[in-house]
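Here is the structure we will look at, set down as structure tokens.
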Amino acid sequence: MKTIDELLSAGVDGKRVFVRADLNVPLADGVITDDGRIRAVLPTVKALAGAGAKVVVASHLGRPKGVPDPAFSLLPAAERLGELLGAPVAFAQDTVGPAAHDAVNGLQPGQVAVIENLRFNAGETSKDDAERGAFADRLAALADVYVSDGFGAVHRGHASVYDLPARLPHYAGYLIATEVGVLKKLTEDVKRPYVVALGGAKVSDKLAVIDQLLGKADRLLIGGGMAYTFLKAKGYEVGISLLQEDQIPAVTEYMERAEKNGVELVLPVDVLVSREFPDLKTKAPADYTVVDADKIPADQEGLDIGPKTRELYASKLADAETVFWNGPMGVFEHPDYAGGTKAVAQALVQSDGFTVVGGGDSAAAVRTLGFDENAFGHISTGGGASLEYLEGKTLPGLAALED
């Protein structure tokens, strides 16, 4: 794929450059709680604007179901982008209508505009090729060149991700190039020991990547809600913990295959349990106890890995040359259940190996828990995209950049 450096070498002065970013930031009452994805696209936007391009930034935010919804407006993201750039950013209150055209037509070389949430138009996510293509045609009318820099969306075959690049000269932005380079380090010529820590709520979300990693990783550390399906498969009582009983056969097969392949699959040895889920709004102190993983009371649920497991996982990460971590170890949003996630993050910080935080909740946890982002080898902006790449899937947004 061609990169933004090739585009800049050819010259962009006065050209309208459409940057498909990922500004899908978390909001609380209209206030951005984590601007990591906005900061991730800054190098590309700054380079284009600095070279005299008229930069048109576009993104989705949330799932507004193809119609305008003020709760999912990109205005807060546009305002934050302007703050980070230290320059005014125009904002269009529609995607391909008069406001978008006015905003783009009003740009001078070196200026930036953000158009409204792409998913306010049903054509963005439509499964109908013609409808999606028609929307891509209207987006193409806003630009002369396309730059893909929204890694968090490249696993989606959406109009602005997959169809639009076919209609314009297309290039990979700095973020895309970085993310792909990192993922290649996790899949090609990997330095060993290669340790993967997987957490999160549902084991079903991780089955495909586990299937691939059983032939690549040296160790798999399992935590989060998904761990209880593994523990149940071992015959343990898991109480009212999150459980996907229909996945027990698959999990059992994976544990057997791990042993056969010489992959060390490590499960929690102790957990924090409680009779009730914590209040994540008030963060009131939780009433919990620590029990061995095979002694979870029938009326309680596991909410974090315990202190013995934290030490165990840290020891399994200590000698790693390559680490990929995706998914928190517990309900990290509550301080009483953040210890497991914090322990894994700390182990990565202390590692001498190449460490990758695989986007999504893991990236949010790193920032929420106050870690220095520079202490990690790479923090991905796309959890789903990272997982699908590791699963060996073809990502539509990357395929569209190939010539």
Side-chain angles (χ1 to χ4, degrees), residues 26 28 196-207 209-210 220-255 258 265-314 316 325-347 358 360-366 368-369 383-384 387:
V196 177
L198 295 176
K202 295 182 179 180
V203 68
S204 56
D205 293 341
K206 304 291 197 304
L207 285 180
V209 75
I210 292 172
L220 288 177
L221 314 181
I222 305 296
M226 63 183 283
Y228 302 102
T229 301
F230 281 86
L231 294 174
K232 185 71 171 181
K234 288 176 68 70
Y236 296 169
E237 169 66 57
V238 298
I240 57 173
S241 304
L242 189 60
L243 174 66
Q244 290 184 284
E245 287 206 53
D246 61 324
Q247 302 298 333
I248 289 177
V251 164
T252 301
E253 191 270 327
Y254 285 169
M255 289 193 292
L265 196 155
V266 190
L267 299 177
V269 295
D270 63 343
V271 295
L272 273 60
V273 297
S274 178
R275 288 185 174 83
E276 59 183 9
F277 197 81
D279 188 326
L280 300 183
K281 287 189 176 180
T282 65
K283 294 181 171 45
D287 181 16
Y288 67 87
T289 55
V290 179
V291 300
D292 290 342
D294 61 350
K295 293 182 173 60
I296 298 174
D299 64 343
Q300 299 192 38
E301 66 177 318
L303 295 165
D304 193 16
I305 58 173
K308 293 178 184 176
T309 305
R310 296 169 195 175
E311 291 183 12
L312 173 64
Y313 285 12
K316 297 296 182 181
W325 170 34
N326 181 281
M329 296 290 109
V331 187
F332 77 92
E333 298 91 343
H334 191 283
D336 289 333
Y337 300 118
T341 301
K342 192 170 185 177
V344 170
Q346 186 62 44
D361 286 340
S362 306
V366 163
T368 298
L369 296 174
L387 287 176

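Since we're looking at a predicted model, the values are computed, not measured.
In this structure, CG in Leu387 is found 7.5 Å from CG in Leu198, a value given to the nearest 0.5 Å. Note: Tyr337 OH to Leu303 CG = 5.0 Å, rounded to the nearest 0.5 Å. Residue Tyr228 holds its OH atom at 11.0 Å from CG of Leu267, rounded to the nearest 0.5 Å. Between Leu280 atom CG and Glu333 atom CD the span is 5.5 Å, to the nearest 0.5 Å.
Arg310 and Asp304 are joined by a salt bridge, as a carboxylate oxygen and a charged side-chain nitrogen come within less than 4.0 angstrom of each other.
Taking each heavy atom of Leu242 and Ala201 in turn, the nearest pair found is CD2-O, 3.0 Å. Here the closest heavy-atom approach between residue Asp336 and residue Ala286 is recorded as OD2-N, 2.8 Å. Leu243 and Glu245 get closest at one heavy-atom pair: CD2-CG, 3.3 Å. Across Ile305 and Pro268, no two heavy atoms sit closer than the pair CG2-CG, 4.0 Å. In terms of heavy atoms, Tyr236 sits closest to Ala293 at CD1-O, 3.7 Å. Across all their heavy atoms, Ile296 and Gly239 have their closest contact at CG2-N, 4.1 Å.
Under the side chain to side chain contact (heavy atoms under 4.5 Å, CB included) rule, Lys232 has a single partner from Ile248, Val251, Thr252, which is Ile248.
The shortest side-chain heavy-atom distance between Thr289 and Gln300 falls under the 4.5 Å cut-off. Asp205 is not listed as a side-chain neighbour of Met226, based on a closest heavy-atom distance of 4.5 Å or more. Contact of the Thr341 side chain with the Ser362 side chain is not registered, since no non-hydrogen atoms from C-beta on lie closer than 4.5 Å.
In this structure, the side chain of Asn326 engages the main chain of Gly358 through a donor-acceptor pair within 3.5 Å. Judged by distance alone, with hydrogens and angles left aside, the side-chain atoms of Asp279 form no donor-acceptor pair with the main-chain N or O of Ala284 at under 3.5 Å. The backbone N or O of Val203 lies less than 3.5 Å from a partner atom in the side chain of Gln244, making a donor-acceptor pair. Between the Arg275 side chain and the Asp299 main chain, no donor and acceptor come within less than 3.5 Å of each other. Side chain of Asp361 to main chain of Gly327: no donor-acceptor pair is present (N/O by atom type, distance under 3.5 Å, no hydrogens or angles). A donor-acceptor pair under 3.5 Å is formed between the side chain of Tyr313 and the backbone N or O of Ile222.
With a 6.0 Å radius and a threshold of 12 heavy atoms from other residues, nucleotides or ligands, Glu276 has its CD atom at or below the threshold. Within 6.0 Å of NZ in Lys283 there are more than 12 heavy atoms belonging to other residues, nucleotides or ligands.
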How far apart are the C-alpha atoms of Asp292 and Lys308, what are their side-chain angles, what is the distance that settles it, and do they pass the side chain to side chain contact (heavy atoms under 4.5 Å, CB included) test?
CA-CA 9 Å; Asp292 290 342; Lys308 293 178 184 176; 4.0 Å; yes
Working note: Leu220 + Tyr254, criterion side chain to side chain contact (heavy atoms under 4.5 Å, CB included); need CA distance, chi angles, decisive distance, verdict.
CA-CA 11 Å; Leu220 288 177; Tyr254 285 169; over 6 Å; no
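With sequence neighbours excluded, no residue satisfies side chain to side chain donor-acceptor pair (under 3.5 Å) with Asp287. Gln247 is linked by a side chain to side chain donor-acceptor pair (under 3.5 Å) to nothing, counting only residues two or more places apart in sequence or in another chain. In this structure, Glu311 has no side chain to side chain donor-acceptor pair (under 3.5 Å) partners at least two apart in sequence or on a different chain.
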